[in-house]
Amino acid sequence: MEDNFWLFMADDDMEDQQLFAEAVWESHPEVKIKFFNSGMDLLEYLKSDSQKPNVIFLDLHMRKMNGEETLKQLRAQSDLDEVPIVLYSGVYNLDYISSLFRLGANRYLHKPSEFEILVTALERTICSIKSNNLWGTSIINYV
């Protein structure tokens, strides 16, 4: 249901969290977002709560547990097999991105430097996930 679309985001930068939320709500005001300040916080929440997200976004560069390590831990949990995971970072290295796909990432969103481009990138990413869930992988790169 549109009214119950939950997006979980792990990012240790509060300003990035705020910018991300504003960009999501610009095109998808119905999306509910729950933020976590680290991959460890996200994993702990998922163990203790029955609320499962429709999609998980992970920043690659977090201090406590980076996005790659969090991705590995998430994909080790069979109850999250159907939850798409989007890695979100300013890094754009195709070999590294390919390795993230092999670890179980479904999308890779290259962080744009402009807000309007971020809005468009997130709009397309969320629409893509809503329409085809886990079918295939894709890189969303806006420069």
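Throughout, residue positions are numbered sequentially from 1 according to the sequence presented.
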With Leu87 as partner, the option from Leu71, Leu103, Ile56 fulfilling side-chain contact (heavy atoms from CB on, under 4.5 Å) is Leu71

Check: So, Phe57 versus Phe8, ring centres under 6.0 angstrom or not?
Finding: no

Original post:
Should the ring pair His110 and Tyr92 be called parallel, tilted or perpendicular, given that the plane angle runs from 0 to 90° and is split at 30 and 60?
Top reply: tilted

Would Lys32 and Phe5 count as a side chain to side chain contact (heavy atoms under 4.5 Å, CB included) here? Give the steps. CA-CA 6 Å; Lys32 294 173 177 57; Phe5 191 90; over 6 Å; no

Trp6 backbone acceptor or donor facing Asn54 side chain under 3.5 Å: yes

Task: Heavy-atom neighbours of Glu15 CD exceed 12 at 6.0 Å - done: no

Heavy-atom nearest pair, Lys111 first then Asp11, reads NZ-OD2, 4.2 Å

For Glu123 and His28, the nearest pair of non-hydrogen atoms, with its separation, is O-NE2, 3.6 Å

Residues Val83 and Pro53: closest non-hydrogen pair is CG2-O, 3.6 Å

The side chain to side chain donor-acceptor pair (under 3.5 Å) partners of Lys52 (sequence neighbours excluded) come to Asp79

- Item | Within-4.5 Å side-chain heavy-atom neighbours: Leu80 and Ile85 | no

- Heavy atoms, side chains only, cut-off 4.5 Å: are Arg107 and Tyr88 in contact? no

For Leu42 and Ala10, the nearest pair of non-hydrogen atoms, with its separation, is CD2-CB, 4.2 Å

Side chain to side chain donor-acceptor pair (under 3.5 Å) filter on Asp13, not counting sequence neighbours, yields none

Met62 and Asp59 have their tightest heavy-atom pair at CE-O, 3.3 Å

key: Gln73 side-chain N/O to Leu43 backbone N/O, donor-acceptor pair under 3.5 Å   = no

query: With hydrophobic residues grouped by side-chain heavy-atom distances under 4.5 Å, do Leu100 and Leu94 end up in a single group?
result: yes

